[in-house]
Amino acid sequence: MAEPPGPVLVVVPTYDERENLGSAVARLQSSVPDADVLVVDDASPDGTGELADQLAAADDRVRVLHRSGKAGLGAAYLDGFRHALTGEHQVVVEMDADGSHAPEDLPALLTALEDADVVLGSRYVPGGRVVDWPWHREVLSRGGNLYSRLALGVPIRDITGGYRVYRRAVLEELDLGGVASQGYCFQVDMAWRAVRAGFRVREVPITFTERERGSSKMSSTIVAEALWRVTCWGLSHRLGRDVPQYPSGPVTEGAHPS
Ligand SMILES: Nc1nc2c(ncn2[C@@H]2O[C@H](COP(=O)(O)OP(=O)(O)O)[C@@H](O)[C@H]2O)c(=O)[nH]1
Ligand SMILES: [Mg+2]
């Protein structure tokens with residue numbers, strides 16, 4: 001792994017992940033020992049927040065942000081990012097707690113940051129894989145990606161994925177207060193904002209493995225929000241209110257203005 005451009009913070013949103021959090025953190029620490037972890041828990045009824053507190057008490061690299069109730073993945077990440085920007089971390093990672101995002105893939109994502117500002121872990125570029133996902137989830141994911149790609153006109157193969165790495169400057173520059181996405185379309189929103197701001201966005205293959213324990217928080221409300229928002233963004237883009245230039249290919253190399 002090439003040295004990342006500074007200290008790394010991995011933000012892990014949790015809702016009822018008590019059975020998964022311990023092993024996700026342990027795997028992360030053996031894969032990237034220097035990384036710090038911020039668990040963002042939405043008052044999980046199963047006690048994930050208390051487990052996170054125990055992990056934090058036992059290890060300086062782990063900290064916890066407790067939120068008052070379930071308010072969606074987007075809101076949890078936004079709080080996590082704001083917290084990250086109060087510290088010294090130069091690299092901020094998004095990773096699920098359920099084991100779907102293999103911590104063993106993180107060194108490759110961090111290495112790709114050498115010539116990128118945002119690195120997306122991608123299931124749908126050559127070398128990327130999905131393991132054990134029910135067919136309807138894969139159809140939804142591939143359909144969501146195809147629709148987003150066509151609506152927004154971005155050549156990103158996996159814009160909905162939630163395993164990614166940001167340089168601190170990206171989070172500092174993007175207007176996080178203007179991000180209204182609550183559910184999983186938060187991921188599309190952030191990538192779309194980064195591309196429009198001219199940041200270099202790269203995709204790196206990952207293996208995504210369906211969770212073995214606990215249950216998914218995906219819901220029809222989350223799908224509806226994504227469909228609605230992506231359609232609105234695409235329409236305003238096509239109506240010419242918002243027309244960035246995109247190079248083609250799986251790697252989006254924007255020219256950041258600075
Ligand atoms: N803090 C917080 N975390 C959430 C929320 N919804 C989902 N998550 C977490 O986000 C990650 C991805 O959710 P998951 O249910 O596995 O989605 P799936 O992989 O698309 O089925 C997991 O770590 C969840 O615990 C939420 O409302 N708040
Ligand atoms: Mg999952």
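Keep in mind that this is a model prediction, so the values were computed, not measured. Counting from 1, the numbers follow the sequence of the chain as shown. Both ligands and their constituent atoms are indexed starting at 1 by order of listing.
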**Report entry** Side chain, backbone, both or neither: the part of Asp16 lying under 4.0 Å from ligand 1 by heavy atom
**Finding:** neither
Query raised in the report: Hey, which N, O or S atom on Asp98 ends up closest to the Mg ion (ligand 2)?
Result: OD2
Report task. Tell me which protein heavy atom sits closest to atom 4 (C) of ligand 1, plus the residue, atom name and distance to 0.1 Å. Result -> Tyr15 CB, 3.9 Å
Query raised in the report: Can a non-hydrogen atom of Ser100 be found less than 4.0 Å from any atom of ligand 1?
Result: no
Query raised in the report: Which protein heavy atom lies closest to atom 15 (O) of ligand 1, and at what distance to 0.1 Å?
Result: Lys217 N, 2.6 Å
Requested in this report: Start with the C-alpha distance between Val39 and Leu65, add both sets of side-chain angles, then the distance that settles side chain to side chain contact (heavy atoms under 4.5 Å, CB included), and finish with yes or no.
Outcome: CA-CA 6 Å; Val39 177; Leu65 192 59; over 6 Å; no
Requested in this report: Could you tell me the residue and atom name of the protein heavy atom closest to atom 6 (N) of ligand 1, and the distance to it rounded to 0.1 Å?
Outcome: Lys70 NZ, 3.6 Å
Query raised in the report: To which protein heavy atom is atom 23 (O) of ligand 1 closest, and what is the distance rounded to 0.1 Å?
Result: Pro13 O, 2.8 Å
Report task. Have a look at ligand 1 and work out which part of Arg137, if any, has a heavy atom under 4.0 Å from it: side chain, backbone, both or neither. Result -> side chain
Query raised in the report: When you measure from atom 10 (O) of ligand 1 to every protein heavy atom, which one gives the shortest distance, and what is it?
Result: Leu73 CD1, 3.1 Å
**Report entry** atom 28 (N) of ligand 1 - nearest protein heavy atom and its distance
**Finding:** Asp42 OD2, 2.8 Å
Query raised in the report: Could you give all pairs that pass the side-chain hydrogen bond (donor to acceptor under 3.5 Å, both in side chains) test and reach residues 31-40, with sequence neighbours left out?
Result: Asp36-His89
Report task. Compute whether any side-chain donor of one residue and acceptor of the other, for Asp42 and His66, lie under 3.5 angstrom apart. Result -> no
Report task. For ligand 1, find out whether one of its N or O atoms is nearer than 3.5 Å to an N or O atom of Met218. Result -> no
Query - Part of Ala76 within contact of ligand 1 (heavy atoms, under 4.0 Å) - result: side chain
Query raised in the report: Quick check: does Tyr184 get an N/O under 3.5 Å from an N/O on ligand 1?
Result: yes
Query - Closest protein heavy atom (residue, atom, distance) for atom 21 (O) of ligand 1 - result: Ser216 OG, 2.5 Å
Query raised in the report: Can Glu210 and Arg137 be counted as an ion pair, charged N to O under 4.0 angstrom?
Result: no
Query raised in the report: Hydrophobic cluster mates of Leu146, side-chain heavy atoms under 4.5 angstrom, ILVMFWY only, any path?
Result: Leu150
Query raised in the report: Is it true that Arg167 and Asp117 make a salt bridge, defined as a side-chain N closer than 4.0 Å to a carboxylate O?
Result: yes
Query raised in the report: Would Asp59 and Gln29 count as having a side-chain donor-acceptor pair, cut-off 3.5 Å?
Result: yes
Query raised in the report: Considering the options Arg211, Arg213, Lys217, which one meets the salt bridge (charged side-chain N to carboxylate O under 4.0 Å, His left out) requirement together with Asp98?
Result: Arg211
**Report entry** SB check Arg67 Asp79 (cutoff 4.0 Å)
**Finding:** yes
Query raised in the report: Under 3.5 Å, N or O to N or O, is Ser215 touching ligand 1 that way?
Result: no
**Report entry** Heavy-atom nearest neighbour of atom 3 (N) of ligand 1 within options Leu65, Thr48, Thr14
**Finding:** Thr14
Query raised in the report: Hey, does Glu94 have a side-chain heavy atom less than 4.5 Å from the side chain of Tyr163?
Result: no
Query raised in the report: Purely on distance, is any nitrogen or oxygen of Phe208 under 3.5 Å from one on ligand 1?
Result: no
Query - Within reach of ligand 1, part of Glu17 (heavy-atom separation under 4.0 Å) - result: side chain
Requested in this report: Determine, using ring centers only, whether Phe199 and Tyr166 are less than 6.0 Å apart.
Outcome: no
Query raised in the report: Within the structure, does Asp41 bring an N/O atom to less than 3.5 angstrom of an N/O atom in ligand 1?
Result: no
